[in-house]
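In what follows, a single structure is set out as structure tokens and then discussed.
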Protein chains: 2
Amino acid sequence: MARNIKVSIIEDDETLRDGYAFLIGATEGYDVISTYCSYDEASKKIATDKPDVILLDIELPGVNGIDAIPKLKKLLPNCYILILTVYESEKQIFNALAAGASGYLTKNTPSTKIIESIKEVREGGGPMSINIARLVIRSFQKNQESPLSKRETQILELIGEGKSRGQIANELFIDLETVRSHIKNIYLKLDVNSRADAIKLARQNKLI
Amino acid sequence: MARNIKVSIIEDDETLRDGYAFLIGATEGYDVISTYCSYDEASKKIATDKPDVILLDIELPGVNGIDAIPKLKKLLPNCYILILTVYESEKQIFNALAAGASGYLTKNTPSTKIIESIKEVREGGGPMSINIARLVIRSFQKNQESPLSKRETQILELIGEGKSRGQIANELFIDLETVRSHIKNIYLKLDVNSRADAIKLARQNKLI
DNA sequence: TAATTAATCACCCTATTGGGGTGATTTTTT
DNA sequence: AAAAAATCACCCCAATAGGGTGATTAATTA
């Protein structure tokens, strides 16, 4: 039989904090071992708490949640961090995930779902609110109406990998001049005149 | 009151196909308007079916599921495509999402969850199996133990954007020679000697 | 079938870049 | 006090990037 999941909560709103603590603590298989209202407060003791999962708010006084993630990860390398926030801005989400968060829930998530997510994250899952998942999925989706031809797209991808004309020519078994010609056409179509601008525009519009 | 959700299924396994069709069709609010065993078969009629959501298998005879996605999107631009597959390979997932799939479920997903996901996807959600979500989230996570300093990481990111030394120098308000010096150190630490190799290694190891 | 687009290659030009050496100074962090 | 990070300087030179202009041969689409 597996032991209880040890949960710590870092949330500045007292009502929410106590609410979560009560709900999770009352659930079989879960122990809320500590609650904090800021990272600064948590940093002093959380290493000895050794939680399995941390519920972390983004909007915190002092060190904000995103910046807290790498610090918490350093204190507790094997701990999973689950973001619990009202924010749904794309940058916020991707920054949190890049920093090491293992899941992202919005605060309208029903408590049963939160409790389920805590278990999921410990079992290697990646819990997300459905609207968060939408943003994440959309971030992968490429533009289907690219002005670029297949070959041009392919070459622009290689440019995005930092490859020179010569490297591209070798990789595609075509002449250096052909690569040049394609790049010129790419620039024409995208109305840019440098690699950096082409890459930027292409990534913004998800052409590559 | 909203009308029923019209669902089409493309799945080559007859048992599974009929099973899904029966389960979904029996659920209130859902109509299974057509089922197909391949893309080639579906392509002839699906445009007139006008489904809201297509359940799509990856392993199909003839045109595989991934290649079918853009074709289906072209026939039905406003239709959501939900992948239903046993495959969990990272490339497969990202290719499917890049091609325009709006969700990704594995076949061990309970039927209630599948039915729920169909509704979610139509409401702008992005349903994913939990293990798929894990892979997707992990794809965002950066390596916390980078050998590179902050400045070096920052410069490598700009190199990844296709920027030249001069552009980087301007952007960071430092001398061109300083940029060079940083790049040299990056190359030393990563043991490479070109932009392309540095970017490749950095992306593989999620340093940027 | 005609017209367009895609893909291929060629040769003109020149400022800039990229990569390799070697070394030094000043902060910042440990 | 020692180490690491960040800054700048000057040597070299082959290769690159970006701009012109133009042409040939598939494919695709009208």
Side-chain angles (χ1 to χ4, degrees), chain A residues 43 47 63 67 70-71 74-75 143-202 207-208, chain B residues 43 63 67 70-71 74-75 142-202 207-208:
Chain A
S43 62
V63 178
D67 294 338
K71 296 179 198 284
K74 209 163 189 178
L75 291 172
N143 191 338
Q144 312 288 186
E145 280 136 41
S146 172
L148 303 179
S149 73
K150 272 197 179 174
R151 198 53 147 180
E152 285 161 358
T153 304
Q154 187 180 27
I155 284 172
L156 191 46
E157 265 163 8
L158 295 176
I159 286 180
E161 291 168 13
K163 290 179 177 150
S164 70
R165 297 170 182 173
Q167 289 174 308
I168 294 173
N170 283 330
E171 200 165 323
L172 301 183
F173 303 108
I174 55 178
D175 195 275
L176 204 151
E177 279 304 319
T178 308
V179 176
R180 286 205 62 201
S181 179
H182 282 303
I183 294 178
K184 283 175 193 167
N185 285 328
I186 292 170
Y187 286 7
L188 254 178
K189 287 185 180 177
L190 300 187
D191 191 27
V192 296
N193 53 14
S194 74
R195 304 186 140 224
D197 288 344
I199 292 172
K200 188 178 174 187
L201 215 148
L207 306 180
I208 57 169
Chain B
S43 61
V63 178
D67 294 337
K71 296 177 198 286
K74 211 165 187 177
L75 291 171
K142 292 205 179 145
N143 192 338
Q144 312 284 266
E145 280 138 39
S146 172
L148 304 179
S149 74
K150 271 197 179 174
R151 199 54 149 177
E152 286 160 358
T153 304
Q154 187 181 27
I155 284 172
L156 191 46
E157 264 163 10
L158 295 175
I159 287 180
E161 291 169 13
K163 289 178 178 152
S164 71
R165 297 170 182 170
Q167 289 174 306
I168 295 173
N170 284 330
E171 199 164 323
L172 301 183
F173 303 107
I174 54 178
D175 195 275
L176 204 153
E177 280 303 319
T178 309
V179 177
R180 287 205 62 201
S181 180
H182 282 303
I183 295 178
K184 283 174 193 166
N185 285 328
I186 292 170
Y187 286 8
L188 254 179
K189 287 184 180 178
L190 300 187
D191 191 26
V192 296
N193 52 14
S194 75
R195 304 183 140 225
D197 288 345
I199 292 172
K200 187 177 175 187
L201 215 149
L207 307 180
I208 57 168

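Chain letters run A, B, ... following the sequence lines, proteins first and then strands; every chain starts at 1. Only a predicted model underlies this, so the values are computations on that prediction, with no experimental measurement involved.
- Taking atom CG of residue L188(A) and atom P of nucleotide dA6(C), one finds them 12 Å apart after rounding to whole Å.
- Between the CZ atom in R195(B) and the CZ atom in R165(B) there is a gap of 7.5 Å [rounded to 0.5 Å].
- Of the listed nucleotides (dA7(C), dC8(D), dT8(C)), dC8(D) has the atom at the smallest distance from the side chain of I174(B).
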Pairs under 3.5 angstrom, nitrogen or oxygen only, protein versus nucleotides 2-5 of chain C, please.
none

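- At least one side-chain heavy atom of Q144(B) sits less than 4.5 Å from a side-chain heavy atom of P70(A).
- In this structure L172(B) satisfies the side chain to side chain contact (heavy atoms under 4.5 Å, CB included) test together with R151(B), Q154(B), I155(B), L158(B), I168(B), I174(B), sequence neighbours excluded.
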Enumerate all atom pairs, one protein N or O and one N or O from nucleotides 26-29 of chain C, separated by less than 3.5 Å.
none

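- Salt bridge annotation for E157(A)-K150(A): absent, with no cationic side-chain nitrogen under 4.0 angstrom from a carboxylate oxygen.
- Put simply, T178(B) has a side-chain N or O that comes within less than 4.0 Å of OP1 or OP2 on dC8(D).
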Please test E161(A) against K200(B) for salt bridge (Lys or Arg N to Asp or Glu O under 4.0 Å), starting from the C-alpha separation and ending with a verdict. CA-CA 7 Å; E161(A) 291 168 13; K200(B) 187 177 175 187; over 6 Å; no
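- Atom pair I168(A):CD1 and dA7(C):P shows a separation of 15 Å (rounding to whole Å applied).
- Across the protein-nucleic acid pair, I186(B) atom CD1 and dG18(C) atom P stand 12 Å apart, rounded to whole Å.
- Here the straight-line distance linking atom CD1 of I159(A) with atom CD1 of I186(A) works out to 5.0 Å at 0.5 Å rounding.
- Atoms CG (D191(B)) and P (dG19(C)) sit 15 Å apart, rounded to a whole Å.
- Interatomic distance, N143(B) CG to I208(B) CD1, rounded to the nearest 0.5 Å: 12.0 Å.
- With sequence neighbours excluded, the residues forming a side chain to side chain donor-acceptor pair (under 3.5 Å) with D197(A) are S194(A), listed by chain and number.
- For dT7(D), one of the phosphate oxygens OP1 or OP2 lies less than 4.0 angstrom from a side-chain nitrogen or oxygen of H182(B).
- Shown here are the side chain to side chain contact (heavy atoms under 4.5 Å, CB included) partners of S146(A), two or more places apart in sequence or in another chain: L148(A), T153(A), L207(A).
- Neither OP1 nor OP2 of dA5(D) sits under 4.0 Å from any side-chain N or O of S149(B).
- Across P147(A) and K189(A), no two heavy atoms sit closer than the pair O-NZ, 3.3 Å.
- For the helix from dT4(C)-dA27(D) to dT30(C)-dA1(D), the angle separating the two terminal helix axes comes to 80°, with each axis derived from five pairs and the value rounded to 10°.
- Residues satisfying the side chain to side chain contact (heavy atoms under 4.5 Å, CB included) test with A198(A), not counting sequence neighbours, are L156(A), Y187(A), L190(A), V192(A).
- Pairs of residues two or more places apart, or lying in two chains, that qualify as side chain to side chain donor-acceptor pair (under 3.5 Å) and include a residue from residues 170-182 of chain A are K163(A)-E171(A).
- Residues from residues 151-162 of chain B placing a heavy atom under 4.0 Å of any atom in DNA chain C do not occur.
- In this structure K74(B) satisfies the side chain to side chain donor-acceptor pair (under 3.5 Å) test with no other residue, sequence neighbours excluded.
- One interatomic measurement links the two molecules: CD of E177(B) to C1' of dC8(D), which rounds to 7 Å at whole-angstrom precision.
- Heavy atoms of other residues, nucleotides or ligands lying less than 6.0 angstrom from NZ of K71(A) number 12 at most.
- The nearest whole Å value for the distance from the CG atom in N185(A) to the P atom in dT8(C) is 11 Å.
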Tabulated below should be each protein N or O lying under 3.5 Å from an N or O of nucleotides 25-27 of chain D; please produce it.
none

With sugar-phosphate taken as primed atoms, P, OP1 and OP2 and all else as base, the protein-contact string of nucleotides 12-19 of chain D at under 4.0 Å (heavy atoms; B, S, -) is ----SBBB
